[in-house]
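Per chain, numbering begins at 1; letters A, B, ... match sequence-line order. The model shown is predicted, which means the values in this text are computed figures rather than measured ones.
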There are 2 protein chains.
Amino acid sequence: MGVAERKERHKEELKKEILMAAKELFMEKGYEATSIRNIAEKIEYSPATVYLYYKDKDEIMHALHQEGFKMLVAYFGTLNTIPEPFGRLIAMGRAYIQFAMENPEMYELIFVMKDPIDHVASCADDSWDEGDRAYDVLFQTVVECQKSGDFQGFEPHGLSFTIWSTMHGLCSLRISGHLGHVAEASKVKPDVDSLMTYTFETFTGVLEKIR
Amino acid sequence: MGVAERKERHKEELKKEILMAAKELFMEKGYEATSIRNIAEKIEYSPATVYLYYKDKDEIMHALHQEGFKMLVAYFGTLNTIPEPFGRLIAMGRAYIQFAMENPEMYELIFVMKDPIDHVASCADDSWDEGDRAYDVLFQTVVECQKSGDFQGFEPHGLSFTIWSTMHGLCSLRISGHLGHVAEASKVKPDVDSLMTYTFETFTGVLEKIR
DNA sequence: AAACTTACTAAACAGTGTTTAGTAATTGTA
DNA sequence: TACAATTACTAAACACTGTTTAGTAAGTTT
C-alpha cells in the first residue's frame with residue numbers, strides 16, 4: 001500500500017521544511033537567532049518535534065553546511081567557460097569574494113565556525129567532503145596553471161594553501177568588521193568594499209608577478 | 001583622609017581581579033565557558049557584583065581585547081633587534097603565527113569574533129586603537145622594505161593588507177580546524193602544523209620572488 | 001474491540017545574560 | 001550620640017537558550 005510511502009514522503013518533507021526554516025533564519029539573522037524554538041515557531045511545530053528529525057542543533061548546522069557548499073559551487077558554476085587557467089584562477093577568487101559578500105553568514109558557517117566542523121570530525125561518515133572538493137578545485141586550477149607555464153618553481157599545494165589563506169583572510173576580516181575598522185583608521189580607501197577590491201587587485205598583481 | 005583612597009584602590013583591584021578571572025577562564029576554556037556566573041564563582045562574589053564593575057559581558061570582552069593586544073605586542077617585542085626590514089617582516093609573520101598558536105582563544109577574540117568589535121564601534125572613545133597600531137607596525141615595515149629597494153611597483157597599503165590577509169587566513173583556518181581537515185584529506189604533510197609551517201614558507205617564497 | 005505504534009507536545013532541567021529590589025555595614029550630619 | 005545617607009553587595013527573578021522526559025491523542029494491526 002502507498003500509505004507508508006506517503007507518510008515517509010511527508011516525513012522527508014517536514015525534515016526539509018525544518019532545514020529551510022533554519023536556513024532562512026540563519027542567513028537573515030545569523031547563528032544566535034537560529035534557535036530551535038525559533039525554527040519550531042516558523043514551521044508551526046513544537047520545539048521537541050525538531051529533535052525527532054535532527055539529533056541536535058549541530059546536526060542542523062551540519063546540514064546547513066552542505067547547503068552552503070551547494071551555494072558556493074553555484075558561484076563557481078560559470079568558471080568552466082574560462083579555458084585559460086590563470087584567468088580562471090582569478091575569476092575563482094572573484095567568485096569566492098562575491099559568495100562571501102552576498103552570503104556572509106553562510107561563509108562564516110562553512111569557513112569560520114568551529115562547532116560544525118567539530119561535529120563533522122566526530123561523525124566520520126561524510127566528513128568535510130564538500131570542503132575538500134572545493135579545495136581540490138583550487139588545487140587543480142593551480143596545477144593547470146603550472147602545466148601552461150605559470151608558477152614555475154612553486155609546489156602546487158603550498159601555493160594553493162597560500163592562495164586560499166589570502167582569500168579567506170580577506171573575506172573573514174571583511175565579514176568580522178576588522179578590515180572595515182582599519183580601513184576607517186588608515187583612510188587608504190573611502191569605504192571598506194573599495195579597500196577589499198583594491199586588496200584583491202594587489203593580490204592578483206602579486207600572482208601576476210610570480211606567474 | 002586615606003580611607004576613600006584605600007577604598008578606591010580596593011575597587012580597582014576587584015575590577016582587575018574580575019578581568020583576570022575572565023582572562024584565565026577565557027584563555028583556558030574559551031568564550032562559552034566564560035560566563036558571568038563562572039567569573040563570579042572564581043572571585044567568590046555574586047554574579048550581580050560583576051555588573052557593578054562592568055556594564056555587560058561585551059565590556060569584559062573588550063577589556064580582554066586590550067589584554068590580548070598587549071600579549072601580541074609582547075610577541076613582537078624582539079623584532080626591533082632585526083635591522084634589515086625584509087627579514088623583520090618575515091620574523092613578524094613568524095611571531096604572529098606563534099602568538100596565534102600559543103593563544104588561540106585570544107587570537108579569535110581580537111581577530112575573529114565580531115561582538116567585541118561591534119562594542120568597540122558603538123563606544124567611539126578608544127575604539128580599536130590597538131588593532132590600528134598593530135596594522136601600522138606592519139605597514140611601516142613594508143614601507144621600510146620599499147625604502148631599501150624591495151617590493152618596487154607595489155603600493156604599500158595594498159601589499160600590507162594582502163600580507164595581513166594571508167597571515168590571518170592561515171592562522172584562522174588553522175585555529176578553526178579547517179586547515180587540519182583539508183590537510184588530512186589531501187595528505188600533503190603528515191600533520192597540520194607541518195602544513196602550516198610549509199604554507200608560511202611558501203608565502204615567504206612568494207614575497208622573496210616579488211621582492 | 002484491544003493492543004500497539006506513530007507523531008507530536010507540554011513541561012521541565014540546567015544553563016545563559018541581565019535587572020530589580022532589598023540588606024547589611026559604613027559614613028556623614030544634626 | 002542618634003539618625004540619615006551612602007556604599008557594597010546579593011538573592012531572586014525574568015526571559016532566553018539547548019535538550020530531555022513523560023504523556024497524549026490518533027491511526028494501524030491483530
Open item on the list: Please give me every residue in residues 13-30 of chain B whose heavy atoms get under 4.0 Å of an atom in DNA chain C, ordered by residue number.
Closed with: none

Open item on the list: Measuring from the side chain of B:K57 (C-beta onward, heavy atoms only), which nucleotide among C:dT18, C:dT9, D:dC9 has the closest atom?
Closed with: C:dT18

Open item on the list: With a 6.0 Å cut-off (strictly less than), is the heavy-atom count around CD of A:E144, excluding the residue itself, greater than 12?
Closed with: yes

TODO: Ignoring backbone atoms, test whether B:T49 places a side-chain nitrogen or oxygen under 4.0 Å from the OP1 or OP2 oxygen of D:dT10.
DONE: yes

- [ ] For B:Y54, report the nucleic acid contact type (base, sugar-phosphate, nothing); a contact means any heavy atom under 4.0 Å.
- [x] nothing

Where do N or O atoms of nucleotides 13-15 of chain C meet protein N or O atoms at under 3.5 Å, pair by pair?
none

Open item on the list: Rounded to whole Å, how long is the line connecting atom CD1 of A:I43 with atom P of C:dA7?
Closed with: 15 Å

Open item on the list: Any heavy-atom pair between the side chains of A:F26 and A:I60 that's under 4.5 Å?
Closed with: no

- [ ] Run the ring-centre check on B:F161 versus B:F139 and record whether the distance is less than 6.0 Å.
- [x] no

Open item on the list: Looking at B:E108 and A:K114, is there a salt bridge between them, counting it only when a charged N and a carboxylate O are closer than 4.0 Å?
Closed with: yes

Task: Atom-to-atom span, CG of B:L52 to P of D:dT10 - whole angstrom - done: 9 Å

Task: Polar side chain donor-acceptor pair, B:E17 to B:Y45, under 3.5 angstrom - done: no

TODO: State whether B:K70 and B:E130 are salt-bridged, where the test is any N-O pair (Lys NZ or Arg NE/NH1/NH2 against Asp/Glu carboxylate O) under 4.0 Å.
DONE: no

